[in-house]
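Below is one structure; the comments refer to it alone.
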Amino acid sequence: MKILQKIWLLVFLVPTAIFAQQKVSGTVTDAASGIPIMGANVIVKGSTIGTTTDFDGNYQIEADNGAILQFSYLGFESVEMTVNGGTLNVVMSEDAQQLEEVVVIGYGTVKKKDATGAVDMVSSEDFNQGPVLSAQQLIQGKVAGVSITSGGGAPGEGQNIVIRGQGSLSLTSEPLYVVDGIPLDNEGVGGSRNPLNFINPNDIESMTILKDASSTAIYGARAANGVVMITTKKGKGKEFRFNYSGLTTYYDPTDYVDVLDADRYRNLVNQIGDESAIDRLGNSNTDWQDEIYTQAVGFNHNFSTTGNIGGFIPVRASLGYTDQNGILKGDNFSRTTGAVNFRPNLLDGHLKIELNGRGMYTENSFANRDAIGASVDFDPTQSVYDMNSPFANYYTWLNADGVQNNLAPTNPVALVNLKEDTAEVRRFIGNAKVDYRLHFLPDLIATVNVGLDKSNSHGRTIVSELMPSSQLDWNGSLSNYTNESTSKLFDAYATYMKELGKSSLTAVAGYSYQSFENDNFKYDSEAEEDGNDFEFIDKWKSVLLSYFGRVNYNFDDKYLLTATLRADASSKLNPDDRWGYFPSFAFAWNMNNESFLKDSNTIDNLKLRLGYGEIGNVNGLGDYNFLTRYNGSQSTANYQLGTGFYQTYRPEAFNGNLKWEVGKTFNAGVDFGIFDSRISGSLNVYYKNTEDLISKVTVDPFTNFSNTIDKNIGDMVNKGVEMELNLVPVTTEDLHWSIGYNISFNDNEITNLPDQVEVGDINGGTGNKIQLHKEGYAPYSYWVYKQVYDQQGRPIEGAYVDRNGDNKINNEDRYLYQDPYADIIMGVNTNLNYKNWDLAIVTRANLGNYAYNNMASSKSYEVRATENNILTNLHSDYFNTGFKSITESNLASDYYIQDASFFKVDNITLGYTLPEFAGNTSLRVYGSVQNLLTLTDYDGLDPEIKGGIDNNFYPRPRSFVFGVNLDF
């Protein structure tokens, strides 16, 4: 009977189960493109039953009628659907807010709401507009605590980024750049103006700045100065779309160095000069700066396409061409770029492949910057040409031998016209990244990323035999060089992601190997003419080997923990000190998800963050300095023995005890958003102590092969406050107005340095320096005498305060006064959209930065005007000082240290969009003005000077832009 009951029960329950549960299947697609979404999560709400969509967006799951299925995918709005039958197709839409919140971090991504470190992202919609040639310009003034300064106004000029102040004394303070997962070598490429010029800014999707050690420690040894993550645009959409953007730029010089014009100079010479000096005056009125600078034009064209091949391979390809002249005659930057990206998904979404390839070819014509200083010096009463001159009729100060007086400046126009300095650079950077979600353990993703960064350059400098010269038998010169650089990357890591109830865990562990090789060659024809076969060969290689791991834990979207550890070994250091271990820890509390704030109608986001991390630095350190190295003498300096010449070898300075600079950083921050995020922002407070700073130090005689060596000897503290504030005062159907404001305060101090170190070379005299590293002061502080003034406030020549009271004026009386780095950096930008009109304004300010006006200090002395049987122009500051002679003490007067605080209107752009210009084609036209306005009390050409020493600066032009953008 029991057996019959069991059989009957089984017969009864089976059909019941069949009717209670059923197989539900369907397809998940993207609402915008109609493309199937692979890897979307499908979960029966309230259970642990789930699956993911396959390659074609299909899924199959068992669920009861009436059950609710939850569909989710990163970057899309989640969807809930009720089961009512066996088929359920779902369309998902992109979540714009969620997409903005996803930021790229080392070896992965994270939603910004889950980030525990100080991380800022600037997307392409917020990039600076105008004639942008390098990636750094896109975010200038946009991120708190990030200072970006160009080396000058040349086309494609290098940009110097400093995050949270100076990070080192002798090593580089540049951040690490990571492009699509490939860390770049910051050493740059020979013949190139900027190491990031290989990237077409039009190809960049976003730039993420990792600022504190808790976020940068995953990159360990190279992250001491922060990390800039550059993510390029990727393919998307079902159908191919095309974009063309082009702009024409007109560049106009805005200002010149303030020197005497011809009339003022004649009056001066007639007053102070003897009869022979007066006789040397010419009859012309030549503005030499106006002769070497000119208006310039630039063009930029970009074409891109994005779409899908076969429905399963998203692809994007682009071509770009830039041709920009500089305002200094003879200056030109020409660049051609090409990029392609493929992202196929295979094996039902378990295998994802990303292929990136990016090529660049640039041609540089470097204008002769010696003409900048010569144009300030040259006598304005002389004409450009002299029919009696043996040097192509260029006016030249000649001596009795009929060659140029070797103490005279060279004709500036001859300098720009008779010297060619050109170079071509080819660079390829690409990577193949493979993510495999294990079939037998879908919570685990294995990733392999291999990358190659290869460049070669060829340059040459040709000086015409017609160039004014002090050599009797001058036949011109030719030198050329080649440079080959190769960087290879291999990353292998695993990512484990698991959700258990209210907890979620993401763990990453991996290995990285990156090698850097360089091969330099140079040839000089002048040496060959002297009977020497001159060749310079320099080859080197360095390697970085790393292991890393990170754990992110999230409980109930309220409490977030991150722990990171990276171990790096660099071939730059000796085997005993080669390994460095860099940990970090961070905690964040999403207060807005707590019960007491969850239902708030005011507070949308409130997150507190705390973090600590240690990061290393050997960037910029020479290779194998821990070994004794020998340099072969050049053929021009061989040792003569009898009638033969023999190469000698010279030992280089070494230090077998060099080790890592280590920065230890504490960071506390708060992120907030209120009134439906109409007001949002963040506040960060940080304290960074860098230990074992590498600096040049003096060593005892006969203890090394030089009197100075690199040594770990110092400590430095950086501390500061950063705030970012975003406002949306108005948002309606037709009008949207947003304002972004950021401000940062930073204080730098050397806290341990047994030996003070002189730095900061200046013009005037020989070997003079104006800056000093000294314990208790900011790095690169100005080392000066305190000037004494008369009753009219005019500086008294040679009169300085005897600070130590020994009745002598010498170096003991010099003191440290100010430094070149701003105490406060601010940026204000606003965007206004009204119907089809758009207006963007970008401004920024630096407060508390000082500059040394070397143009005034070295060129405003009376004796200079008429000495050496030539005439030399003066800087107009001569009339403020009346100084007669140039001396080392005059050069070091604090009179020339000037407040260089400034406010700049960087860019104003006005555009109009025709959304239906022609069918499915949209057109935007816009005009832009860059470098519109600078407000400052600084007397020099430009208050924004890299390093703070104003000397022969290439002026930044004002730019006027007209551009079009066509989507079809």
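The model shown is predicted, which means the values in this text are computed figures rather than measured ones. We number each residue from 1, following the sequence as shown.
- Counted within 6.0 Å of CG on Asp401, heavy atoms from surrounding residues, nucleotides or ligands total more than 12; the atom is thus considered enclosed.
- Taking Lys769 as the reference, Asp761 meet the salt bridge (Lys or Arg N to Asp or Glu O under 4.0 Å) condition, with sequence neighbours excluded.
- Here Tyr850 pairs with nothing under the side chain to side chain donor-acceptor pair (under 3.5 Å) rule; sequence neighbours left out.
- With hydrogens and angles ignored, the 3.5 Å screen pairs a side-chain donor or acceptor of Lys329 with a backbone N or O of Glu291.
- Ion pairing of Asp906 with Arg844 is present here, as a side-chain N (NZ or NE/NH1/NH2) and a carboxylate O approach within less than 4.0 Å.
- Using modelled atom types, no side-chain atom of Asn846 and backbone atom of Phe902 make a donor-acceptor pair closer than 3.5 Å.
- Between Glu722 atom CD and Ile163 atom CD1 the span is 9.5 Å, to the nearest 0.5 Å.
- Remark: the Gln771 side chain and the Ser781 side chain contain no N/O donor-acceptor pair separated by less than 3.5 Å.
- To the nearest 0.5 Å, atom CG of residue Asn931 and atom OG of residue Ser959 are 7.0 Å apart.
- Asn868 places no side-chain N or O within 3.5 Å of a backbone atom of Ile870 that could act as its donor or acceptor partner.
- By the 4.5 Å heavy-atom criterion applied to side chains, Met467 and Tyr394 are not counted as neighbours.
- For the residue pair Arg264 / Asn873, no side-chain donor-acceptor distance below 3.5 Å is found, with atom types taken as modelled.
- Electrostatic pairing of Glu867 and Arg280 does not count as a salt bridge here, judged by no charged N lying under 4.0 Å from a carboxylate O.
- Residues Asp813 and Asn811 have side chains that never bring a donor and an acceptor to within less than 3.5 angstrom of each other.
- With 3.5 Å as the limit, one finds a donor-acceptor pair spanning the side chains of Asn763 and Asn951.
- Of all heavy-atom pairs between Thr396 and Pro468, the closest is OG1-CG, 3.5 Å.
- Judged as a ring-ring contact (aromatic ring centres under 6.0 Å, His included), not a single pair has a partner in residues 865-900 (not counting sequence neighbours).
- When atom types are taken as modelled, the side chain of Gln289 and the backbone of Val257 share a donor-acceptor pair closer than 3.5 angstrom.
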Evaluate the side chain to side chain donor-acceptor pair (under 3.5 Å) criterion for residues Asn907 and Thr909: first the C-alpha distance (whole Å), next the side-chain angles of each, then the deciding distance (0.1 Å), finally the verdict.
CA-CA 6 Å; Asn907 184 277; Thr909 300; 2.7 Å; yes
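- For Tyr780, the ring-ring contact (aromatic ring centres under 6.0 Å, His included) partners at least two apart in sequence or on another chain are His773.
- Judged purely by atom type and a 3.5 angstrom limit, Ser389 has no side-chain atom pairing as donor or acceptor with the backbone of Tyr395.
- Remark: side-chain polar atoms of Asn128 are not paired, donor with acceptor, to backbone N or O of Val842 under 3.5 angstrom.
- With contacts defined as side-chain heavy-atom distances shorter than 4.5 Å, the pair Tyr954/Glu157 does not qualify.
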Could you give me the CA-CA distance, side-chain angles and deciding distance for Thr286 and Ser284, then say whether side chain to side chain donor-acceptor pair (under 3.5 Å) is met?
CA-CA 6 Å; Thr286 304; Ser284 297; 4.7 Å; no
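- Side-chain atoms of Asn804 and Glu812 include no donor-acceptor pair closer than 3.5 Å.
- In this structure the side chain of Gln324 never reaches within 4.5 angstrom of the side chain of Val297, judged on heavy atoms.
- Of the possible donor and acceptor atoms, one in the side chain of Glu174 sits under 3.5 Å from a partner among the backbone N and O of Ile161.
- Ser134 and Asn197 are not linked by any side-chain donor-acceptor pair at a separation below 3.5 angstrom, with hydrogens and angles left out of the test.
- Residues Leu196 and Gln136 are in side-chain contact: their nearest non-hydrogen atoms beyond the backbone lie under 4.5 Å apart.
- With rounding to the nearest 0.5 Å, the separation of CE in Met723 from CG in Asn742 is 9.0 Å.
- Evaluation of the side chain to side chain donor-acceptor pair (under 3.5 Å) rule for Asp950 yields Tyr938 as partners, not counting sequence neighbours.
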Verdict with reasoning, Asn283 to Arg266, per side chain to side chain donor-acceptor pair (under 3.5 Å):
CA-CA 10 Å; Asn283 298 316; Arg266 281 193 190 91; 5.6 Å; no
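- When side chains are defined from C-beta on, Asn718 does not count as touching Thr690, because their heavy atoms never get closer than 4.5 Å.
- Atom CG of Asp290 sits about 12.0 Å away from atom CH2 of Trp288, to the nearest 0.5 Å.
- Between Asn768 and Thr766, the side chains place no donor N or O within less than 3.5 Å of an acceptor N or O (distance only, hydrogens not considered).
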Please tabulate, for side-chain N and O atoms in residues 373-380, each donor-acceptor pair with protein atoms closer than 3.5 Å (sequence neighbours left out).
| from | atom 1 | to | atom 2 | distance (Å) |
| --- | --- | --- | --- | --- |
| Ser375 | OG | Ala371 | O | 3.3 |
| Ser375 | OG | Ile372 | O | 2.8 |
| Asp377 | OD1 | Lys859 | NZ | 2.9 |
| Asp377 | OD1 | Arg864 | NH2 | 2.4 |
| Asp377 | OD2 | Lys859 | NZ | 3.4 |
| Asp379 | OD1 | Thr381 | N | 2.8 |
| Asp379 | OD1 | Thr381 | OG1 | 2.8 |
| Asp379 | OD2 | Thr381 | OG1 | 2.9 |
| Asp379 | OD2 | Gln382 | NE2 | 2.7 |

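- When the ring-ring contact (aromatic ring centres under 6.0 Å, His included) test is applied to Phe903, no partner is found at least two apart in sequence or on another chain.
- Applying the side chain to side chain donor-acceptor pair (under 3.5 Å) criterion to Asn880, with sequence neighbours excluded, gives Asp877.
- Within a 6.0 Å radius of CD in Glu888, other residues, nucleotides and ligands contribute 12 heavy atoms or fewer.
- Gly848 and Ser901 get closest at one heavy-atom pair: N-OG, 2.9 Å.
- Between Ser857 and Tyr852, the side chains place a donor N or O and an acceptor N or O closer than 3.5 Å (distance only, hydrogens not considered).
- Note that the OG1 atom of Thr866 and the CD1 atom of Ile278 stand 10.0 Å from one another [nearest 0.5 Å].
- Applying the salt bridge (Lys or Arg N to Asp or Glu O under 4.0 Å) test to pairs two or more places apart or on separate chains, those with a residue in residues 927-942 are Lys904-Asp942, Asp942-Arg956.
- Ser276 is linked by a side chain to side chain donor-acceptor pair (under 3.5 Å) to Asp274, counting only residues two or more places apart in sequence or in another chain.
- No donor-acceptor pair under 3.5 Å is formed between the side chain of Glu862 and the backbone N or O of Gly882.
- In this view, Asp331 and Arg193 satisfy the salt bridge (Lys or Arg N to Asp or Glu O under 4.0 Å) rule, not counting sequence neighbours.
- Annotation: side chain of Asn388 is not in contact with side chain of Pro390 (no heavy-atom distance under 4.5 Å).
- Annotation: ring-ring contact (aromatic ring centres under 6.0 Å, His included) contacts involving residues 785-825, sequence neighbours excluded, comprise Tyr785-Tyr800, Tyr815-Tyr817.
- For the atom pair CD (Gln166) and OG (Ser173), the distance works out to 4.0 Å, reported to the nearest 0.5 Å.
- The shortest side-chain heavy-atom distance between Tyr385 and Asn411 does not fall under the 4.5 Å cut-off.
- For the 3.5 Å distance criterion, the side chains of Ser893 and Gln787 qualify, holding a donor opposite an acceptor.
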